[in-house]
Amino acid sequence: MAMAGRTRSTLPLFQRILRSDSLSSSQRSTIQPSLLYPTFTNPEFSKNYATSSPPKDQKIKVPLTLFGVSGNYASALYLSAVKANTLDKVESELIDFVEASRRSSTFSQFMKDLSVPGDTRIKAIKEICVGAKLSDITNNFLAVVAENGRLRHLESIAKKFTELTMAHRGEMKAIVTTVIPLPAEEEKELKETLQEIIGHGKKVNLEQKIDSSILGGLVVEFGQKVFDMSIKTRARQMERFLRDPVNLGSH
């Protein structure tokens, strides 16, 4: 009951803070494909992705600007899947592939082992893709990821890719972390608050996570923002305050 009370007392404060802030419109941008494609060494992949650019008068809009290795690969796959009108299929195949790798400790280790020769990695991935009857785009993409020694990043790439597909569909994922599950009414209030902030035209998908280590309160992540109103963070802030020397001045 005490934990539930802490969560309830935090929610109104969070709503006030959230309404005073707004999402930056700079999250959406138009990016040239050449800036997003990683440097691929596989000629077949380079042909399918780099040289199959759309007409010059057609702009490719990436709904989110992602960075790093995983972001670059996810963006390249997104652009290709959208162009081929196979975004949903590629997303489903990539998620299924990652889930399957999680269920097999042997294959999971194989993906992370940098000592495995490149030819072996490529051959194994191609055999799996053929057996699973994956689409050409997914097949070629996984082959390039294998050849470039990036299989260990595949789960992260898949997460980034899902962010792009959600943005493409006008969805935004919000993660709320609490000590106990939010009651239905509080979950509804939080979702309505987030929906109010991002405006109409986008749909909020709220995901709840349970983490007893935050002690109470809540942590909300959405877009590029994190609102940490946990008891744990407050306690740390108070501890730092108490440790600072007190300057009483001279009299």
Could you pull out all residues at least two apart from Glu91 that satisfy side chain to side chain contact (heavy atoms under 4.5 Å, CB included)?
Asp88, Ile95, Phe161, Thr162, Thr165, Arg169
Sequence-distant partners of Arg102, side-chain hydrogen bond (donor to acceptor under 3.5 Å, both in side chains), two or more places apart:
Glu99, Glu155
Sequence neighbours left out, what passes salt bridge (charged side-chain N to carboxylate O under 4.0 Å, His left out) with Glu127? Give chain and number order.
none
Could I get the full list of salt bridge (charged side-chain N to carboxylate O under 4.0 Å, His left out) partners for Lys188, not counting sequence neighbours?
Glu192
Counterpart residues, ring pair (Phe, Tyr, Trp, His ring centres under 6.0 Å), relative to Phe110 (two or more places apart):
Phe107
Holding to side chain to side chain contact (heavy atoms under 4.5 Å, CB included), I want the full list of residues that pass it with Gln208, two or more places apart in sequence or in another chain.
Val176, Thr178, Pro181, Leu182, Glu187
Taking side-chain hydrogen bond (donor to acceptor under 3.5 Å, both in side chains) as the definition, give me every residue that meets it alongside Asp96, ordered by chain and number, with sequence neighbours left out.
none
Residues in side-chain hydrogen bond (donor to acceptor under 3.5 Å, both in side chains) with Glu171, at least two apart?
Asn205
Sorted by chain and number, sequence neighbours left out, side-chain hydrogen bond (donor to acceptor under 3.5 Å, both in side chains) with Lys89 holds for Glu93
Those residues at least two apart in sequence (or on a different chain) that pass side chain to side chain contact (heavy atoms under 4.5 Å, CB included) with Ala100 are Arg103
Partner set under salt bridge (charged side-chain N to carboxylate O under 4.0 Å, His left out) for Lys232, not counting sequence neighbours:
none
Residue set satisfying side chain to side chain contact (heavy atoms under 4.5 Å, CB included) with Val82, at least two apart, ordered chain then number -> Tyr78, Leu87, His168
